[in-house]
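Scroll down for the structure; my scribbles are underneath it.
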2 protein chains.
Amino acid sequence: MAASIEDVAKKANVSISTVSRVLNRRNLVNVETRKRVEAAIAELGYRPNVFARGLMLRKSNVLGLVLPDLHGEFYSEIIRGANQKTRELGYHLLVSSVTADDDGQDVLAAVGTQGLVDGMIVMVTEMSSMIRKSLQNASIPLVVLDGDIQGAKHDTVAIDHHNGAETLVRRLVSSYPGKRIVFLGGHETNLDTIDRLNAYRKVLAEVGVRPAAEDVVHLDYRYSTAFEYATERVSEWAAAGATVFAANDEMAAGVVDAAIAATLSIPEDLRVVGFDDTRISQLTRPRLTTVHVPMAEMGAKAIELLCERLNEPERPSSRVILPTRVVVRESCGTLSGS
Amino acid sequence: MAASIEDVAKKANVSISTVSRVLNRRNLVNVETRKRVEAAIAELGYRPNVFARGLMLRKSNVLGLVLPDLHGEFYSEIIRGANQKTRELGYHLLVSSVTADDDGQDVLAAVGTQGLVDGMIVMVTEMSSMIRKSLQNASIPLVVLDGDIQGAKHDTVAIDHHNGAETLVRRLVSSYPGKRIVFLGGHETNLDTIDRLNAYRKVLAEVGVRPAAEDVVHLDYRYSTAFEYATERVSEWAAAGATVFAANDEMAAGVVDAAIAATLSIPEDLRVVGFDDTRISQLTRPRLTTVHVPMAEMGAKAIELLCERLNEPERPSSRVILPTRVVVRESCGTLSGS
DNA sequence: CTGAAAGCGCTTACAG
DNA sequence: CTGAAAGCGCTTACAG
């Protein structure tokens, strides 16, 4: 049985009030007394019981992080950034993932069990009305990653994907004027995909182009799916001198490898760009030109916002937008513009 | 303010004892009464306060996972496996990382705060005496990943690295008899590196070979370090018809890319094998021959063991060993043996 | 500067 | 089958 505050009090010959005081507001107690109490604490290896404490203080010092799923490097970077900042600020991190078919009930159960976490960070890539509803009912501070929950008060850390996608496509257009650009996205309902697709359409519209139906393709963000799909179409693309704009690096890598398997040269025969700047983008040959997305920073910033709100519940909602930047490597030749 | 058990009791016109009963041992209460209470619970959106509950029950349903750091796909797979199993079993997962220079104090603080977690899973790649000591003092069930904490009672999930390394090296030796095998490890103190190096030495000794000093190299597990190092030595290795046995896939990928940059062909001019079977091993060209290490399964199995112990504290310690297997791809030509 | 006491929201014998 | 009461280990006014 772990030592309780009473054991400490007895050993130090004081009341539990005094022990509690040296724990929480040390300066309110006489130095002599404090020393005695501290000695007793050390000797007993006493640690306050988090439950009793939480019951009074109504805080656990645990922060929740809910991610869509836990696959891939993408999310692990968020966790990494969040985890580091969490410790830095003296909190704990509770991680949970939520599957796409979650009915929304789980989202809260995952992390929001009454009192378990003081606040939570959520990332939703597919928005269902159920999920929205449970988030609206959350009674703890909320930080939303790269999205928005209408009707729920929350802070936000977003990434300027749109600008990144737009800049990239614009440079593609001006570097290879008149050439086709094929868009390879994830599912049609995926928010990032929607955003990137909009940027793509917008820039093409600016130069008077309306992409052909077969140039907008929805896959599932996975390497293997992209590889298989590209295997079918890669020679057609190369014949047209097209550029493939994949909505993530994984799919871009799949296209690169499919092209190489078809004995095409990149970027000479076919140009490919990715998105996210995950490590894969440096492991393909040639390396991927892509858009850097600061995932770890997003995780860290979200924790920061959450803690700031915890300390100051009434501050106005804030929305931090983290910039992206185009990283030019080899898979797309030289790009004009900046 | 969230509804309390008292609010529910009042609304359902019963005592809090009865509400508590329908929450915990539903069959002890009259169906009619139960219905009424359940209605009140639903109406109020009542959720028991975890702190009050934990204070009585002495359990939080939170499981801790402490990893050496949170870099790379390697660890993210453990988290993934653990996270999934955790939810499956109705628990929550608290993730924490510990830096190499941790004084050990942190290990417990990270996750072991009195009562916060019911049990914890730890992975230590560098063992300091401080860390060992704090783990020995842990008062909650412990599962150790791929290691051993002497003097502390714990369950273990290990991976049969040694066998994997031995099998791989043995097949290397019999496929390319008389050729040099260069070992590229992580830091000398890294437990996995030590293990893999031992396997390497053992197999070579079996065929009467004592590796030359320059054939045992300690780097740091990183792609870029391996790339730089290999750039210096790759032509010498190729001239000798050597095989490079890297202790992880990242370093193997670095060697592959350095060789290709030096216009060498793999596996014709130089053979390379990796370890771990992370996704990188399928993204290099040629793809890496490597040893599959079931990380997600390790995470899941650890959670399973932890929960079993929670339910049955006195069971004898168990040690589960997960098998590895050699995955032959292209970076090392055909391998004889099986 | 310190102690006695109330109270946080639950669970669980103990009576009835 | 149900309720009154004790108790889990803390924090914090309130007196002194």
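Throughout, protein chains are lettered first and strands after them, A, B, ... in sequence-line order, and every chain is numbered starting at 1. Keep in mind that what you see is a predicted model, and the values were worked out from it rather than measured.
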Exercise. Just by distance, do the side chain of His154(A) and the backbone of Ile149(A) share a donor-acceptor pair under 3.5 Å?
Worked result: yes
For this session: Check whether any side-chain nitrogen or oxygen of Thr33(A) sits under 4.0 Å from OP1 or OP2 of dC1(C), and answer yes or no.
Result: no
Exercise. Do the side-chain N and O atoms of Asp155(A) and Ser317(A) include a donor-acceptor pair separated by under 3.5 angstrom?
Worked result: no
Exercise. Between dG9(D) atom P and Leu116(B) atom CG, what is the distance in whole Å?
Worked result: 17 Å
Exercise. Could you state the NZ-P distance from Lys59(B) to dC10(C), rounded to the nearest angstrom?
Worked result: 18 Å
For this session: Answer yes or no: are there more than 12 heavy-atom neighbours, outside Glu304(A) itself, under 6.0 Å from its atom CD?
Result: yes
Exercise. If only atom types and distance count, is the side chain of Asn13(B) paired as donor or acceptor with the main-chain N or O of Ala9(B) below 3.5 Å?
Worked result: no
For this session: Between dT2(C), dC1(D), dG3(D), spot the one nearest the side chain of Val29(A), thanks.
Result: dT2(C)
Problem set entry | Rounded distance [0.5 Å steps], OG in Ser96(A) versus CZ in Arg87(B) | 4.5 Å
Exercise. Quick one: CG on Leu306(B) to CG on Asn311(B), what's the gap to the nearest 0.5 Å?
Worked result: 10.0 Å
For this session: Using atom CZ of Phe51(A) as one end and atom C1' of dG7(D) as the other, report the distance to the nearest whole Å.
Result: 16 Å
For this session: For dG3(C), take OP1 and OP2 only and decide whether either is under 4.0 Å from a side-chain N or O of Thr18(A).
Result: yes
Exercise. CG of Asp7(B) versus P of dC8(C): gap in Å, rounded?
Worked result: 11 Å
Seminar exercise, completed: Heavy-atom closest pair (Thr86(B) atom, Leu93(B) atom, distance to 0.1 Å) is OG1-CG, 3.7 Å
Problem set entry | Ranges pairing with ranges for DNA chain C, where each run has three or more Watson-Crick or G-U pairs under 3.5 Å | C:1-3 with D:14-16, C:5-12 with D:5-12, C:14-16 with D:1-3
Problem set entry | Between P of dT2(D) and CZ of Arg34(B), the distance in whole Å | 11 Å
Exercise. Can you tell me how far P of dC1(C) sits from CZ of Arg36(A), to the nearest Å?
Worked result: 14 Å
Quiz: residues 16-24 of chain A side-chain donor-acceptor pairs under 3.5 angstrom, not counting sequence neighbours:
| from | atom 1 | to | atom 2 | distance (Å) |
| --- | --- | --- | --- | --- |
| Ser20(A) | OG | Asn24(A) | ND2 | 3.2 |
| Asn24(A) | OD1 | Arg53(A) | NH2 | 2.7 |
| Asn24(A) | ND2 | Ser20(A) | O | 2.9 |

Seminar exercise, completed: Under a 4.0 Å heavy-atom criterion, the protein footprint on nucleotides 11-16 of chain D, written with B, S and -, is BBB---
Exercise. Of all the nucleotides listed (dA4(D), dG3(C), dG9(C)), which has the minimum atom distance to the side chain of Leu55(B)?
Worked result: dG9(C)
Exercise. How many angstroms lie between CD1 in Ile5(A) and CG in Asn49(A), if you round to the nearest 0.5 Å?
Worked result: 10.5 Å
Exercise. Among dC10(C), dT2(C), dC8(D), which nucleotide sits nearest the side chain of Arg58(B)?
Worked result: dC8(D)
